[in-house]
Engineer: 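For reference, the structure I am asking about is given below.
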Amino acid sequence: MYDFTTPAAQHVADSYKWRKYAGRDILPLWVADMDFLSPPAITKALAERVAQGIFTYGEPTETALAALIAAARRDYGWAIEPAWLVPLPGLVTGLNVACRASGSGDVITATPIYPPFMSAPQFSGRKLVKLPLRETRLATGSHWEWDFDALDAAATQGATLMLCHPHNPVGRQWTLAELNRLGEIAEKHDLTVVSDEIHCDLLLEPGARHTPFASLSPALAARTITLMAPSKTYNVPGLGCAFAVIPNAERRHAFQKTMRGIIPHVNLLGYVALEAACRDGAAWRTELLSVLRSNRDEVVRALDGHQGLRVTVPQATFLAWIDCRGAGLQHPQHFFEQAGVGLSDGADFDAPGFVRLNFGCPRATLDSALARMRTALATL
Ligand SMILES: Cc1ncc(COP(=O)(O)O)c(C=O)c1O
């Protein structure tokens with residue numbers, strides 16, 4: 001019913017992803033936005049708002065907040081109170097503010113990880129403690145888990161734990177048992193938990209349901225800063241609209257105080273997109289998920305086991321994490337770039353020898369990229 005075949009972003013002049021390789025025959029499957037048209041419900045709502053011709057400083061309307069709260073209840077069974085919400089222009093902003101507003105001790109993050117999880121603690125003058133996820137090799141790809149004993153041993157009293165839930169780049173949807181174990185450790189060491197849930201509406205297994213970390217118990221909610229946004233799921237990252245959910249008033253005030261004078265108002269068109277996504281985006285998202293599932297399966301089929309590559313099968317996100325260490329490549333990202341496919345370099349995620357492939361694109365683009373990669377690998 002919806003259009004997931006038009007290669008959308010390559011035809012606009014201002015796509016960050018496509019501009020990187022402008023004028024070169026390199027398919028950009030790197031930065032995490034999708035090459036799909038946004039849901040028609042969002043485009044329509046934006047067009048109506050733009051037609052009003054007034055672009056003042058924005059405030060979330062009552063209806064936008066109500067749509068957001070209703071979507072959290074519908075999709076995760078999570079009851080959010082309006083007072084807990086802090087609008088933000090983006091999640092990276094939220095990660096950095098959270099690091100500055102949650103004490104001065106260690107910040108623990110599980111690697112490999114989306115790079116701002118490592119830079120935000122450093123920018124905030126806090127000590128970064130990297131905890132490698134445990135990799136189990138399976139018949140297809142790898143399975144990645146927290147090393148709970150290592151976390152328990154590494155956690156200092158009052159530290160901050162950065163949780164990527166679901167995890168970019170390994171695509172894990174953390175199970176209830178895993179989340180509960182993290183919760184126990186958080187209680188034991190009095191941790192603040194910063195839970196980045198930007199990919200939580202992109203669970204690829206049919207029927208999968210997201211559990212916000214803060215929804216596990218009121219006690220855990222009180223120590224958690226949850227970060228969310230419509231940007232990944234509905235492909236509106238350029239509209240700069242995200243939010244933190246901070247139930248504990250003291251933590252929330254510390255967060256808001258840190259923002260003062262630095263963090264700008266949220267783009268009012270972002271609020272319009274947020275409201276339309278929450279209220280009218282579900283049918284589009286259901287179709288998107290089936291396209292992404294099929295793309296994911298094709299990436300695994302085409303690359304896993306091919307010339308020594310191992311593809312982690314993501315349970316969530318539109319990102320595939322590919323271990324190239326078995327292929328004997330000097331620098332996998334350069335190798336595939338020369339072959340006409342622009343991927344993200346695993347080294348940026350603390351994992352040299354890996355690449356990350358964004359399969360949130362029309363099947364024709366993906367098929368061309370996979371063919372280029374296989375042809376290049378065949379020359380080894
Ligand atoms: C886990 C995670 N957090 C945050 C972001 C970026 O968020 P924003 O664009 O809202 O700063 C991304 C983008 O890839 C991401 O994967």
Side-chain angles (χ1 to χ4, degrees), residues 17 27-34 109-118 130-147 162-175 178 196-200 202-205 208 232 289 292-329 331-337 339 341-361 365-366 369-370 372-374 376-377:
K17 182 160 74 183
L27 294 167
L29 305 190
W30 61 290
V31 70
D33 56 24
M34 298 188 286
T109 194
T111 57
I113 189 66
Y114 176 61
F117 278 62
M118 294 181 285
K130 292 190 285 191
L131 202 72
L133 290 171
R134 253 201 336 231
E135 180 185 2
T136 313
R137 298 207 150 204
L138 305 176
T140 301
S142 293
H143 182 71
W144 300 79
E145 292 175 321
W146 282 83
D147 183 340
M162 307 256 279
L163 178 63
C164 195
H165 174 37
H167 190 97
N168 171 9
V170 304
R172 276 299 316 279
Q173 175 195 348
W174 306 116
T175 64
E178 288 170 314
D196 175 334
E197 304 188 5
I198 196 169
H199 293 282
C200 73
L202 293 169
L203 305 186
L204 299 177
E205 303 313 323
K232 298 291 166 197
L289 290 176
L292 293 181
R293 206 175 294 129
S294 162
N295 282 5
R296 171 197 66 184
D297 294 347
E298 184 56 20
V299 173
V300 175
R301 198 195 61 72
L303 298 181
D304 187 59
H306 192 70
Q307 300 283 355
L309 298 193
R310 297 181 71 88
V311 183
T312 295
V313 184
Q315 300 167 323
T317 78
F318 45 81
L319 307 164
W321 186 235
I322 305 171
D323 184 350
C324 307
R325 290 171 299 178
L329 303 173
H331 192 304
Q333 194 271 342
H334 284 172
F335 175 81
F336 289 118
E337 200 172 78
V341 183
L343 304 174
S344 299
D345 188 350
D348 296 338
F349 298 72
D350 208 38
F354 286 74
V355 289
R356 195 192 69 175
L357 181 151
N358 176 344
F359 56 82
C361 59
T365 311
L366 182 65
L370 294 173
R372 289 178 182 195
M373 291 173 75
R374 286 173 61 99
L377 287 164

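Quick note: residue numbers are just sequence positions, from 1. All values reported here derive from a predicted model rather than from experimental measurement.
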Engineer: If I compare all heavy atoms of Leu29 with all of Ala369, which pair ends up nearest, and what's the gap?
Structural biologist: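 For Leu29 and Ala369, the tightest heavy-atom pair comes out as CD1-CB, 3.5 Å.
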
Engineer: Take Phe335 and Cys324 through the test side-chain contact (heavy atoms from CB on, under 4.5 Å) and record every step on the way to the result.
Structural biologist: CA-CA 11 Å; Phe335 175 81; Cys324 307; over 6 Å; no

Engineer: Is it the case that the side chain of Lys232 and the backbone of Thr317 share a donor-acceptor pair, with hydrogens and angles ignored and the cut-off at 3.5 Å?
Structural biologist: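 Between the backbone of Thr317 and the side chain of Lys232 there is no qualifying donor-acceptor contact (under 3.5 Å).
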
Engineer: Identify, with sequence neighbours excluded, every residue that meets side chain to side chain donor-acceptor pair (under 3.5 Å) alongside Arg325.
Structural biologist: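 With sequence neighbours excluded, Arg325 shows a side chain to side chain donor-acceptor pair (under 3.5 Å) to Asp323, given in chain and number order.
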
Engineer: If every non-hydrogen atom of Leu343 is compared with every non-hydrogen atom of Gln333, which pair is closest and at what distance?
Structural biologist: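 Looking at all heavy atoms of both residues, the closest pair is O-NE2, 3.2 Å.
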
Engineer: Of all the heavy-atom pairs spanning Leu309 and Leu303, show the shortest one and how long it is.
Structural biologist: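 Scanning both residues completely, I find the closest heavy atoms to be CB-O, 3.5 Å.
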
Engineer: To the nearest 0.5 Å, how far apart are OG1 in Thr312 and CG in Asp304?
Structural biologist: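 The OG1 atom of Thr312 sits 8.5 Å away from the CG atom of Asp304.
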
Engineer: For Arg310, enumerate each residue passing the salt bridge (Lys or Arg N to Asp or Glu O under 4.0 Å) test, keeping only those at least two apart in sequence or located in another chain.
Structural biologist: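 Expected list: none.
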
Engineer: For Pro115 versus Asp348, what's the shortest heavy-atom pair and its separation?
Structural biologist: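 For Pro115 versus Asp348, the nearest heavy atoms are CG-O, 3.2 Å.
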
Engineer: Testing Trp321, Phe117, Tyr114 for ring pair (Phe, Tyr, Trp, His ring centres under 6.0 Å) with Phe349, which one passes?
Structural biologist: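 Filter result, single survivor: Trp321.
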
Engineer: Say whether, by atom type as modelled, one donor and one acceptor occur between the side chain of Gln173 and the main chain of Ala316 under 3.5 angstrom.
Structural biologist: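 No.
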
Engineer: Fit a plane to each ring of His167 and Trp174, take the angle between them on a 0 to 90° scale, and name the class: parallel (under 30°), tilted (30 to 60°) or perpendicular (over 60°).
Structural biologist: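 Rings of His167 and Trp174: perpendicular, over 60°.
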
Engineer: Rounded to the nearest 0.5 Å, what separates atom CE in Met34 from atom CZ in Phe359?
Structural biologist: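 CZ of Phe359 is found 10.5 Å from CE of Met34.
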
Engineer: Ignoring hydrogens, what is the shortest heavy-atom contact between Ala376 and Ala339? Give both atom names and the distance.
Structural biologist: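 Here Ala376 and Ala339 meet closest at CB-CB, 3.5 Å.
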
Engineer: Would you give the length of the straight line joining atom CG of Leu292 to atom CG of Leu203, rounded to the nearest 0.5 angstrom?
Structural biologist: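 Result: 11.5 Å between the selected atoms.
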
Engineer: Less than 4.5 Å apart, any side-chain heavy atom of Phe354 and any of Pro169?
Structural biologist: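 Result no, sub-4.5 Å side-chain heavy-atom pair not found.
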
Engineer: Under the salt bridge (Lys or Arg N to Asp or Glu O under 4.0 Å) rule, collect the residues that match up with Asp297, sequence neighbours excluded.
Structural biologist: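 Once residues adjacent in sequence are excluded, Asp297 has no partner under the salt bridge (Lys or Arg N to Asp or Glu O under 4.0 Å) criterion.
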
Engineer: Out of the candidates Leu357, Asn358, Leu27, only one should pair with Leu366 under the side chain to side chain contact (heavy atoms under 4.5 Å, CB included) rule; please name it.
Structural biologist: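 The option that passes is Leu357.
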
Engineer: Are any side-chain N or O atoms of Asp350 and backbone N or O atoms of Thr111, one a donor and one an acceptor, separated by less than 3.5 Å?
Structural biologist: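 Such a contact is absent between Asp350 side chain and Thr111 backbone.
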
Engineer: Nearest 0.5 Å please: distance from the CG atom of Asp345 over to the CD atom of Glu337.
Structural biologist: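 Taking CG in Asp345 and CD in Glu337, the distance rounds to 9.5 Å.
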
Engineer: Do Met162 and Ile113 have side chains that get closer than 4.5 Å, going by heavy atoms?
Structural biologist: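 A side-chain contact is absent here, since even the closest heavy-atom pair is not under 4.5 Å.
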
Engineer: What's the spacing between Phe318 CZ and Asn295 CG if we round to 0.5 Å?
Structural biologist: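 Phe318 atom CZ to Asn295 atom CG measures 11.5 Å (nearest 0.5 Å).
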
Engineer: For Thr365, check side chain to side chain donor-acceptor pair (under 3.5 Å) against everything at least two apart and list the hits.
Structural biologist: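 Once residues adjacent in sequence are excluded, Thr365 has no partner under the side chain to side chain donor-acceptor pair (under 3.5 Å) criterion.
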
Engineer: Does Arg134 offer a backbone N or O that forms a donor-acceptor pair with the side chain of Asp147 under 3.5 Å?
Structural biologist: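 No; zero donor-acceptor contacts below 3.5 Å.
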
Engineer: My understanding is that only residues two or more places apart in sequence, or in another chain, count here; which of them pass salt bridge (Lys or Arg N to Asp or Glu O under 4.0 Å) with Glu205?
Structural biologist: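 If we apply the salt bridge (Lys or Arg N to Asp or Glu O under 4.0 Å) test to Glu205, skipping adjacent residues, the hits are Arg296.
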
Engineer: Applying salt bridge (Lys or Arg N to Asp or Glu O under 4.0 Å), name anything that partners Arg356, two or more places apart in sequence or on another chain.
Structural biologist: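 Salt bridge (Lys or Arg N to Asp or Glu O under 4.0 Å) list for Arg356, sorted by chain: empty.
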
Engineer: Compare every heavy atom of Leu133 with every heavy atom of Ala110, then report the nearest pair and how far apart it is.
Structural biologist: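 Nearest pair, atom of Ala110 first, then Leu133: CB-CD2, 3.6 Å.
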
Engineer: Could you state the interatomic distance from CZ (Arg172) to SG (Cys164), rounded to the nearest 0.5 Å?
Structural biologist: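 Arg172 CZ to Cys164 SG: 12.5 Å, rounded to 0.5 Å.
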
